[in-house]
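Throughout, a chain's letter reflects where its sequence line sits, starting with A, and its residues are numbered from 1. Computed from a prediction, not measured in an experiment: that's the story for all the values here. Scope of the values below: all heavy atoms of this structure, side chains included, with no hydrogens, waters or symmetry mates.
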Number of protein chains: 2
Amino acid sequence: MNDSDEGAGHAAQSKRKDARRNKETLLDAAAAVFVASGVEAPVRDIAAKAGVGMGTIYRHFPTRADLIVAVYRHQVEALAEAGPALLAACATPHAALGRWINLFVDFLVTKHGLAAVLQSDNAGFDTLHAYFLDRLLPVCTQLIDAAAGSGEISSDVDAYELMRGVGNLCIGADHDPRYDARRMVELLIAGLRRPH
Amino acid sequence: MNDSDEGAGHAAQSKRKDARRNKETLLDAAAAVFVASGVEAPVRDIAAKAGVGMGTIYRHFPTRADLIVAVYRHQVEALAEAGPALLAACATPHAALGRWINLFVDFLVTKHGLAAVLQSDNAGFDTLHAYFLDRLLPVCTQLIDAAAGSGEISSDVDAYELMRGVGNLCIGADHDPRYDARRMVELLIAGLRRPH
DNA sequence: CAACGAGACGGAACGTTGCTCCGCTTGGCA
DNA sequence: TGCCAAGCGGAGCAACGTTCCGTCTCGTTG
(Lines give C-alpha, C1' and ligand atoms only; values in the text may rest on other atoms or scores of the structure.)
Protein backbone atom coordinates (compact mmCIF):
# COMPACT_ATOMS: atom_id res chain seq x y z
CA MET A 1 0.00 0.00 0.00
CA ASN A 2 2.90 2.37 0.68
CA ASP A 3 6.43 2.20 -0.54
CA SER A 4 7.49 5.77 -0.89
CA ASP A 5 7.27 6.96 2.67
CA GLU A 6 10.33 5.31 4.14
CA GLY A 7 11.80 7.50 6.80
CA ALA A 8 15.24 6.83 8.19
CA GLY A 9 14.46 3.28 9.15
CA HIS A 10 15.78 -0.02 7.99
CA ALA A 11 15.80 -1.47 4.51
CA ALA A 12 13.09 -0.92 1.98
CA GLN A 13 11.57 -2.76 -0.95
CA SER A 14 13.51 -1.77 -4.04
CA LYS A 15 16.71 -3.73 -4.28
CA ARG A 16 18.65 -1.11 -6.13
CA LYS A 17 19.16 2.27 -4.65
CA ASP A 18 19.38 4.02 -8.01
CA ALA A 19 15.84 2.84 -8.66
CA ARG A 20 14.63 4.33 -5.42
CA ARG A 21 16.47 7.55 -6.06
CA ASN A 22 14.86 7.77 -9.48
CA LYS A 23 11.45 7.24 -7.96
CA GLU A 24 11.97 10.19 -5.64
CA THR A 25 13.31 12.31 -8.48
CA LEU A 26 10.26 11.43 -10.51
CA LEU A 27 7.87 12.35 -7.73
CA ASP A 28 9.53 15.73 -7.33
CA ALA A 29 9.57 16.37 -11.05
CA ALA A 30 5.97 15.28 -11.44
CA ALA A 31 4.86 17.54 -8.61
CA ALA A 32 6.63 20.47 -10.24
CA VAL A 33 5.21 19.77 -13.68
CA PHE A 34 1.72 19.24 -12.28
CA VAL A 35 1.88 22.68 -10.70
CA ALA A 36 3.17 24.24 -13.88
CA SER A 37 1.14 22.45 -16.53
CA GLY A 38 -1.59 20.52 -14.76
CA VAL A 39 -1.99 16.83 -14.06
CA GLU A 40 -2.47 16.06 -17.74
CA ALA A 41 0.96 17.25 -18.75
CA PRO A 42 2.65 15.04 -21.36
CA VAL A 43 4.55 12.15 -19.89
CA ARG A 44 7.54 13.15 -21.96
CA ASP A 45 7.67 16.48 -20.17
CA ILE A 46 7.80 14.84 -16.78
CA ALA A 47 10.49 12.46 -17.92
CA ALA A 48 12.51 15.33 -19.34
CA LYS A 49 12.11 17.38 -16.17
CA ALA A 50 13.33 14.43 -14.12
CA GLY A 51 16.14 13.75 -16.56
CA VAL A 52 15.10 10.15 -17.13
CA GLY A 53 13.66 8.17 -20.00
CA MET A 54 10.00 7.45 -20.40
CA GLY A 55 10.52 3.80 -19.73
CA THR A 56 11.56 4.73 -16.22
CA ILE A 57 8.30 6.53 -15.56
CA TYR A 58 6.18 3.67 -16.80
CA ARG A 59 8.18 1.15 -14.82
CA HIS A 60 7.69 2.97 -11.55
CA PHE A 61 4.17 4.19 -12.27
CA PRO A 62 2.39 1.92 -14.74
CA THR A 63 -0.44 4.40 -15.22
CA ARG A 64 -0.69 8.12 -14.86
CA ALA A 65 -3.15 7.54 -12.08
CA ASP A 66 -0.48 5.77 -10.04
CA LEU A 67 1.80 8.76 -10.41
CA ILE A 68 -0.90 11.21 -9.40
CA VAL A 69 -1.84 9.11 -6.39
CA ALA A 70 1.78 8.94 -5.30
CA VAL A 71 2.24 12.69 -5.64
CA TYR A 72 -0.85 13.62 -3.67
CA ARG A 73 -1.00 10.74 -1.23
CA HIS A 74 0.11 12.81 1.73
CA GLN A 75 -2.49 15.47 1.20
CA VAL A 76 -5.25 12.95 0.70
CA GLU A 77 -4.28 11.18 3.87
CA ALA A 78 -4.33 14.46 5.75
CA LEU A 79 -7.77 15.17 4.36
CA ALA A 80 -9.02 11.78 5.45
CA GLU A 81 -7.69 12.28 8.95
CA ALA A 82 -9.17 15.75 9.19
CA GLY A 83 -12.70 14.35 9.09
CA PRO A 84 -12.92 12.76 12.54
CA ALA A 85 -10.82 15.58 13.97
CA LEU A 86 -13.26 18.20 12.74
CA LEU A 87 -16.19 16.18 13.98
CA ALA A 88 -14.64 16.20 17.42
CA ALA A 89 -13.64 19.84 17.35
CA CYS A 90 -16.69 21.52 15.85
CA ALA A 91 -19.78 22.56 17.72
CA THR A 92 -22.16 20.77 15.38
CA PRO A 93 -21.77 17.96 12.86
CA HIS A 94 -23.04 20.25 10.14
CA ALA A 95 -20.27 22.72 10.84
CA ALA A 96 -17.76 19.90 10.66
CA LEU A 97 -19.16 18.77 7.36
CA GLY A 98 -18.94 22.28 5.97
CA ARG A 99 -15.38 22.72 7.14
CA TRP A 100 -14.35 19.38 5.72
CA ILE A 101 -15.94 20.08 2.37
CA ASN A 102 -14.06 23.36 2.34
CA LEU A 103 -10.80 21.52 2.83
CA PHE A 104 -11.73 19.18 0.02
CA VAL A 105 -12.50 22.07 -2.28
CA ASP A 106 -9.28 23.83 -1.39
CA PHE A 107 -7.36 20.72 -2.25
CA LEU A 108 -9.08 20.29 -5.61
CA VAL A 109 -8.97 23.85 -6.86
CA THR A 110 -5.30 24.25 -6.11
CA LYS A 111 -4.43 21.20 -8.22
CA HIS A 112 -4.51 22.15 -11.86
CA GLY A 113 -7.06 19.96 -13.62
CA LEU A 114 -7.20 17.32 -10.93
CA ALA A 115 -10.93 17.71 -10.47
CA ALA A 116 -11.52 17.21 -14.17
CA VAL A 117 -9.40 14.10 -14.28
CA LEU A 118 -11.05 12.79 -11.16
CA GLN A 119 -14.47 12.80 -12.79
CA SER A 120 -13.23 11.58 -16.13
CA ASP A 121 -14.77 8.30 -17.14
CA ASN A 122 -11.57 7.61 -18.99
CA ALA A 123 -10.42 4.09 -18.24
CA GLY A 124 -6.91 4.33 -16.86
CA PHE A 125 -7.96 6.80 -14.21
CA ASP A 126 -9.90 4.08 -12.46
CA THR A 127 -7.10 3.68 -9.95
CA LEU A 128 -7.22 7.35 -9.10
CA HIS A 129 -10.97 7.27 -8.77
CA ALA A 130 -10.80 4.21 -6.60
CA TYR A 131 -8.13 5.63 -4.33
CA PHE A 132 -10.00 8.83 -3.64
CA LEU A 133 -13.20 6.94 -3.06
CA ASP A 134 -11.62 4.34 -0.80
CA ARG A 135 -9.92 6.96 1.27
CA LEU A 136 -12.44 9.77 1.44
CA LEU A 137 -15.85 8.24 1.00
CA PRO A 138 -15.96 6.66 4.46
CA VAL A 139 -14.95 9.96 6.01
CA CYS A 140 -17.62 11.85 4.13
CA THR A 141 -20.19 9.22 4.98
CA GLN A 142 -19.35 9.54 8.64
CA LEU A 143 -19.76 13.32 8.54
CA ILE A 144 -23.04 13.10 6.66
CA ASP A 145 -24.41 10.47 9.01
CA ALA A 146 -23.50 12.59 11.98
CA ALA A 147 -25.17 15.65 10.51
CA ALA A 148 -28.22 13.64 9.54
CA GLY A 149 -28.35 12.12 12.99
CA SER A 150 -28.45 15.54 14.57
CA GLY A 151 -31.30 16.44 12.25
CA GLU A 152 -29.45 19.28 10.57
CA ILE A 153 -29.63 17.95 7.05
CA SER A 154 -32.03 15.95 5.03
CA SER A 155 -30.92 12.37 5.45
CA ASP A 156 -31.43 11.03 1.95
CA VAL A 157 -28.14 12.34 0.62
CA ASP A 158 -25.56 9.90 -0.60
CA ALA A 159 -21.93 10.62 0.24
CA TYR A 160 -20.78 9.46 -3.17
CA GLU A 161 -23.18 11.73 -4.93
CA LEU A 162 -22.23 14.69 -2.76
CA MET A 163 -18.51 14.22 -3.25
CA ARG A 164 -18.95 13.78 -6.93
CA GLY A 165 -21.08 16.90 -7.12
CA VAL A 166 -18.54 18.92 -5.16
CA GLY A 167 -15.75 17.56 -7.33
CA ASN A 168 -17.66 18.51 -10.43
CA LEU A 169 -18.21 22.03 -9.17
CA CYS A 170 -14.46 22.42 -8.78
CA ILE A 171 -13.69 21.65 -12.40
CA GLY A 172 -12.04 24.56 -14.11
CA ALA A 173 -12.22 26.67 -10.97
CA ASP A 174 -8.77 28.02 -11.68
CA HIS A 175 -8.20 30.09 -14.82
CA ASP A 176 -11.71 31.52 -14.76
CA PRO A 177 -12.00 34.56 -12.53
CA ARG A 178 -15.74 34.78 -13.15
CA TYR A 179 -16.37 31.40 -11.55
CA ASP A 180 -15.94 30.82 -7.85
CA ALA A 181 -16.28 27.12 -7.09
CA ARG A 182 -16.30 27.77 -3.37
CA ARG A 183 -19.45 29.83 -3.57
CA MET A 184 -21.22 27.22 -5.65
CA VAL A 185 -20.24 24.52 -3.19
CA GLU A 186 -21.58 26.69 -0.41
CA LEU A 187 -24.89 26.89 -2.21
CA LEU A 188 -24.93 23.14 -2.64
CA ILE A 189 -24.25 22.57 1.04
CA ALA A 190 -26.85 25.16 1.93
CA GLY A 191 -29.30 23.22 -0.20
CA LEU A 192 -28.61 20.18 1.97
CA ARG A 193 -30.15 21.90 4.96
CA ARG A 194 -33.29 20.30 6.19
CA PRO A 195 -36.13 22.46 4.92
CA HIS A 196 -37.37 24.55 7.81
CA MET B 1 -25.22 34.01 -38.68
CA ASN B 2 -27.41 31.27 -40.14
CA ASP B 3 -26.92 29.39 -43.34
CA SER B 4 -28.34 25.99 -42.71
CA ASP B 5 -31.95 26.80 -42.02
CA GLU B 6 -33.15 27.67 -45.50
CA GLY B 7 -36.75 26.73 -45.83
CA ALA B 8 -38.46 26.68 -49.21
CA GLY B 9 -37.50 30.21 -50.04
CA HIS B 10 -35.29 31.71 -52.66
CA ALA B 11 -31.62 31.17 -53.24
CA ALA B 12 -29.08 30.52 -50.53
CA GLN B 13 -25.46 31.30 -49.88
CA SER B 14 -23.41 28.37 -51.07
CA LYS B 15 -23.01 28.56 -54.80
CA ARG B 16 -22.67 24.88 -55.38
CA LYS B 17 -25.49 22.61 -54.44
CA ASP B 18 -23.24 19.62 -53.85
CA ALA B 19 -21.51 21.63 -51.18
CA ARG B 20 -24.79 22.36 -49.47
CA ARG B 21 -25.87 18.79 -49.74
CA ASN B 22 -22.62 17.70 -48.15
CA LYS B 23 -23.12 20.13 -45.33
CA GLU B 24 -26.50 18.58 -44.58
CA THR B 25 -25.05 15.09 -44.84
CA LEU B 26 -22.32 16.09 -42.41
CA LEU B 27 -24.78 17.52 -39.92
CA ASP B 28 -26.82 14.33 -39.98
CA ALA B 29 -23.74 12.15 -39.67
CA ALA B 30 -22.32 14.26 -36.86
CA ALA B 31 -25.59 14.14 -34.94
CA ALA B 32 -25.65 10.35 -35.26
CA VAL B 33 -22.03 9.95 -34.21
CA PHE B 34 -22.45 12.37 -31.32
CA VAL B 35 -25.30 10.24 -30.02
CA ALA B 36 -23.31 7.05 -30.46
CA SER B 37 -19.85 8.13 -29.33
CA GLY B 38 -20.18 11.55 -27.72
CA VAL B 39 -19.23 14.98 -28.96
CA GLU B 40 -15.54 14.18 -28.82
CA ALA B 41 -15.74 11.39 -31.34
CA PRO B 42 -12.79 11.30 -33.77
CA VAL B 43 -13.22 13.56 -36.75
CA ARG B 44 -12.34 10.63 -38.99
CA ASP B 45 -15.35 8.74 -37.71
CA ILE B 46 -17.71 11.54 -38.61
CA ALA B 47 -16.16 11.88 -42.04
CA ALA B 48 -16.44 8.14 -42.59
CA LYS B 49 -20.05 8.08 -41.41
CA ALA B 50 -20.89 10.88 -43.81
CA GLY B 51 -18.93 9.23 -46.59
CA VAL B 52 -16.77 12.29 -47.19
CA GLY B 53 -13.12 13.14 -46.73
CA MET B 54 -11.79 14.96 -43.72
CA GLY B 55 -10.98 18.00 -45.75
CA THR B 56 -14.69 18.42 -46.35
CA ILE B 57 -15.43 18.57 -42.65
CA TYR B 58 -12.77 21.13 -41.95
CA ARG B 59 -13.89 23.25 -44.88
CA HIS B 60 -17.47 23.43 -43.71
CA PHE B 61 -16.72 23.53 -40.01
CA PRO B 62 -13.27 24.97 -39.31
CA THR B 63 -13.37 23.88 -35.68
CA ARG B 64 -15.17 21.14 -33.86
CA ALA B 65 -17.04 23.80 -31.95
CA ASP B 66 -18.60 25.06 -35.18
CA LEU B 67 -19.87 21.60 -35.93
CA ILE B 68 -21.32 21.13 -32.46
CA VAL B 69 -23.00 24.51 -32.57
CA ALA B 70 -24.53 23.72 -35.94
CA VAL B 71 -25.81 20.36 -34.75
CA TYR B 72 -27.44 21.66 -31.58
CA ARG B 73 -28.44 25.15 -32.73
CA HIS B 74 -32.13 24.33 -32.91
CA GLN B 75 -32.29 22.95 -29.40
CA VAL B 76 -30.34 25.85 -27.95
CA GLU B 77 -32.65 28.29 -29.66
CA ALA B 78 -35.64 26.47 -28.24
CA LEU B 79 -34.09 26.63 -24.79
CA ALA B 80 -33.49 30.34 -25.14
CA GLU B 81 -37.08 30.93 -26.18
CA ALA B 82 -38.42 28.81 -23.35
CA GLY B 83 -37.16 31.31 -20.77
CA PRO B 84 -39.60 34.16 -21.33
CA ALA B 85 -42.38 31.68 -22.04
CA LEU B 86 -41.89 29.99 -18.67
CA LEU B 87 -41.69 33.32 -16.93
CA ALA B 88 -45.07 34.19 -18.37
CA ALA B 89 -46.63 30.82 -17.71
CA CYS B 90 -45.44 30.01 -14.21
CA ALA B 91 -46.98 31.18 -11.00
CA THR B 92 -43.74 32.56 -9.57
CA PRO B 93 -40.42 33.58 -11.09
CA HIS B 94 -38.68 31.05 -8.90
CA ALA B 95 -40.78 28.27 -10.37
CA ALA B 96 -39.94 29.48 -13.85
CA LEU B 97 -36.25 29.50 -13.00
CA GLY B 98 -36.44 25.98 -11.66
CA ARG B 99 -38.28 24.73 -14.70
CA TRP B 100 -35.85 26.40 -17.06
CA ILE B 101 -32.82 25.00 -15.26
CA ASN B 102 -34.45 21.59 -15.54
CA LEU B 103 -34.72 22.01 -19.29
CA PHE B 104 -31.09 23.05 -19.40
CA VAL B 105 -30.03 20.02 -17.41
CA ASP B 106 -32.11 17.72 -19.59
CA PHE B 107 -30.42 19.10 -22.65
CA LEU B 108 -26.94 18.66 -21.22
CA VAL B 109 -27.27 15.20 -19.75
CA THR B 110 -28.75 13.76 -22.93
CA LYS B 111 -25.80 14.95 -25.00
CA HIS B 112 -22.90 12.63 -24.45
CA GLY B 113 -20.00 14.64 -23.07
CA LEU B 114 -21.33 18.01 -24.13
CA ALA B 115 -21.23 19.37 -20.60
CA ALA B 116 -17.60 18.40 -20.23
CA VAL B 117 -16.63 20.01 -23.49
CA LEU B 118 -18.62 23.10 -22.62
CA GLN B 119 -16.57 23.73 -19.50
CA SER B 120 -13.30 22.75 -21.06
CA ASP B 121 -10.82 25.58 -21.10
CA ASN B 122 -9.41 24.03 -24.22
CA ALA B 123 -8.88 26.74 -26.79
CA GLY B 124 -10.83 25.78 -29.88
CA PHE B 125 -14.00 25.35 -27.93
CA ASP B 126 -14.16 29.08 -27.37
CA THR B 127 -16.73 29.40 -30.11
CA LEU B 128 -18.95 26.86 -28.43
CA HIS B 129 -18.55 28.54 -25.09
CA ALA B 130 -19.31 31.92 -26.59
CA TYR B 131 -22.38 30.70 -28.44
CA PHE B 132 -23.96 29.15 -25.38
CA LEU B 133 -23.18 32.19 -23.31
CA ASP B 134 -24.45 34.65 -25.88
CA ARG B 135 -27.66 32.78 -26.33
CA LEU B 136 -28.49 31.55 -22.85
CA LEU B 137 -26.89 33.96 -20.42
CA PRO B 138 -29.37 36.80 -21.07
CA VAL B 139 -32.24 34.38 -20.59
CA CYS B 140 -30.85 33.09 -17.32
CA THR B 141 -30.12 36.60 -16.15
CA GLN B 142 -33.70 37.60 -16.84
CA LEU B 143 -35.02 34.67 -14.84
CA ILE B 144 -32.69 35.31 -11.93
CA ASP B 145 -33.50 39.00 -11.87
CA ALA B 146 -37.20 38.22 -11.82
CA ALA B 147 -36.78 35.75 -8.97
CA ALA B 148 -34.57 38.16 -7.06
CA GLY B 149 -37.06 40.94 -7.66
CA SER B 150 -39.82 38.91 -6.13
CA GLY B 151 -37.60 38.28 -3.14
CA GLU B 152 -37.55 34.53 -3.54
CA ILE B 153 -33.82 34.15 -3.90
CA SER B 154 -30.78 35.86 -2.55
CA SER B 155 -29.92 38.50 -5.11
CA ASP B 156 -26.16 38.26 -5.19
CA VAL B 157 -26.06 35.31 -7.55
CA ASP B 158 -24.43 35.72 -10.92
CA ALA B 159 -26.10 34.07 -13.90
CA TYR B 160 -22.77 33.08 -15.39
CA GLU B 161 -21.68 31.44 -12.21
CA LEU B 162 -24.97 29.62 -11.83
CA MET B 163 -25.00 28.31 -15.39
CA ARG B 164 -21.42 27.24 -15.10
CA GLY B 165 -22.13 25.47 -11.84
CA VAL B 166 -25.12 23.68 -13.30
CA GLY B 167 -23.13 22.74 -16.37
CA ASN B 168 -20.37 21.38 -14.18
CA LEU B 169 -22.81 19.30 -12.18
CA CYS B 170 -23.98 17.68 -15.40
CA ILE B 171 -20.55 16.43 -16.38
CA GLY B 172 -20.46 12.67 -16.59
CA ALA B 173 -24.09 12.39 -15.55
CA ASP B 174 -24.59 9.62 -18.06
CA HIS B 175 -22.67 6.37 -17.60
CA ASP B 176 -22.66 6.62 -13.83
CA PRO B 177 -25.80 5.22 -12.29
CA ARG B 178 -24.70 6.27 -8.83
CA TYR B 179 -24.68 9.94 -9.75
CA ASP B 180 -27.87 11.86 -10.45
CA ALA B 181 -27.03 15.29 -11.74
CA ARG B 182 -30.64 16.39 -11.52
CA ARG B 183 -30.73 15.89 -7.79
CA MET B 184 -27.50 17.81 -7.28
CA VAL B 185 -28.83 20.68 -9.37
CA GLU B 186 -31.98 20.65 -7.27
CA LEU B 187 -29.86 21.02 -4.16
CA LEU B 188 -27.97 23.89 -5.74
CA ILE B 189 -31.18 25.67 -6.66
CA ALA B 190 -32.55 24.99 -3.21
CA GLY B 191 -29.43 26.61 -1.80
CA LEU B 192 -30.30 29.73 -3.77
CA ARG B 193 -33.40 30.27 -1.70
CA ARG B 194 -33.33 33.33 0.42
CA PRO B 195 -32.66 32.11 3.96
CA HIS B 196 -36.02 32.08 5.67
C1' DC C 1 -23.10 20.96 -76.86
C1' DA C 2 -18.31 21.47 -75.51
C1' DA C 3 -14.77 23.84 -73.05
C1' DC C 4 -13.32 26.06 -69.02
C1' DG C 5 -12.23 27.54 -64.36
C1' DA C 6 -13.64 28.37 -59.66
C1' DG C 7 -14.55 25.86 -56.07
C1' DA C 8 -15.20 21.48 -53.68
C1' DC C 9 -13.36 17.01 -52.72
C1' DG C 10 -10.42 13.29 -50.72
C1' DG C 11 -6.95 11.52 -48.24
C1' DA C 12 -1.90 11.53 -47.75
C1' DA C 13 1.12 13.63 -44.62
C1' DC C 14 2.74 15.99 -40.44
C1' DG C 15 2.90 16.96 -35.44
C1' DT C 16 1.65 15.55 -30.86
C1' DT C 17 0.47 12.52 -27.62
C1' DG C 18 0.12 7.75 -24.85
C1' DC C 19 2.26 3.54 -24.28
C1' DT C 20 5.43 -0.63 -25.35
C1' DC C 21 9.56 -3.07 -26.24
C1' DC C 22 14.24 -4.27 -26.49
C1' DG C 23 19.22 -3.62 -26.53
C1' DC C 24 22.45 -1.40 -23.40
C1' DT C 25 24.18 0.08 -18.77
C1' DT C 26 25.21 -0.49 -14.09
C1' DG C 27 24.80 -1.63 -9.18
C1' DG C 28 25.91 -5.00 -6.02
C1' DC C 29 27.46 -9.53 -4.94
C1' DA C 30 30.82 -13.37 -5.16
C1' DT D 1 37.61 -8.40 -10.83
C1' DG D 2 33.85 -10.40 -13.26
C1' DC D 3 29.22 -11.52 -13.74
C1' DC D 4 24.16 -10.88 -14.45
C1' DA D 5 19.75 -9.43 -13.30
C1' DA D 6 17.58 -5.17 -12.37
C1' DG D 7 17.17 -0.97 -14.19
C1' DC D 8 17.52 2.38 -17.87
C1' DG D 9 16.76 5.11 -22.21
C1' DG D 10 14.58 6.21 -26.12
C1' DA D 11 13.22 4.37 -30.65
C1' DG D 12 8.95 2.80 -32.39
C1' DC D 13 3.93 2.08 -32.97
C1' DA D 14 -0.85 3.55 -32.84
C1' DA D 15 -4.48 7.08 -32.44
C1' DC D 16 -5.73 11.53 -33.02
C1' DG D 17 -6.21 16.57 -34.75
C1' DT D 18 -5.08 19.43 -38.45
C1' DT D 19 -3.13 21.02 -42.86
C1' DC D 20 -2.19 20.89 -47.67
C1' DC D 21 -2.38 20.02 -52.38
C1' DG D 22 -3.44 17.29 -56.55
C1' DT D 23 -7.76 15.88 -58.65
C1' DC D 24 -12.47 16.16 -59.97
C1' DT D 25 -16.96 18.25 -60.81
C1' DC D 26 -20.57 21.70 -61.09
C1' DG D 27 -22.41 25.40 -63.45
C1' DT D 28 -21.60 28.84 -66.67
C1' DT D 29 -20.34 30.77 -71.00
C1' DG D 30 -19.45 30.83 -75.91
Least distance between heavy atoms, V139(A) atom then P84(A) atom
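Closest approach of V139(A) to P84(A), heavy atoms only: CG1-CD, 4.4 Å.
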Which whole-number value in Å describes the distance from [X] [atom1] to [N] [atom2]?
| X | N | atom1 | atom2 | answer |
| --- | --- | --- | --- | --- |
| R44(B) | dT18(D) | CZ | P | 11 Å |
| E40(A) | dC19(C) | CD | P | 11 Å |
| R20(A) | dA6(D) | CZ | P | 17 Å |
| I68(B) | dG17(D) | CD1 | P | 11 Å |
| M54(A) | dC22(C) | CE | P | 15 Å |
| R21(B) | dT25(D) | CZ | P | 12 Å |

Looking only at side-chain N and O atoms, does [X] come under 4.0 Å of OP1 or OP2 in [N]?
| X | N | value |
| --- | --- | --- |
| T56(B) | dA8(C) | no |
| N22(A) | dC8(D) | yes |
| H60(B) | dC9(C) | yes |
| K17(B) | dG27(D) | yes |

- prompt: Between the base of dG10(D) and the side chain of R59(A), is there any donor-acceptor pair under 3.5 Å?
  reply: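 Donor-acceptor pair under 3.5 Å: no.
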N/O donor-acceptor pair, side chain R16(A) with base dG27(C), under 3.5 angstrom |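 No, no donor-acceptor pair under 3.5 Å.
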Query raised in the report: Is the closest basic N to carboxylate O distance between D176(A) and R164(B) below 4.0 Å?
Result: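 Salt bridge: yes.
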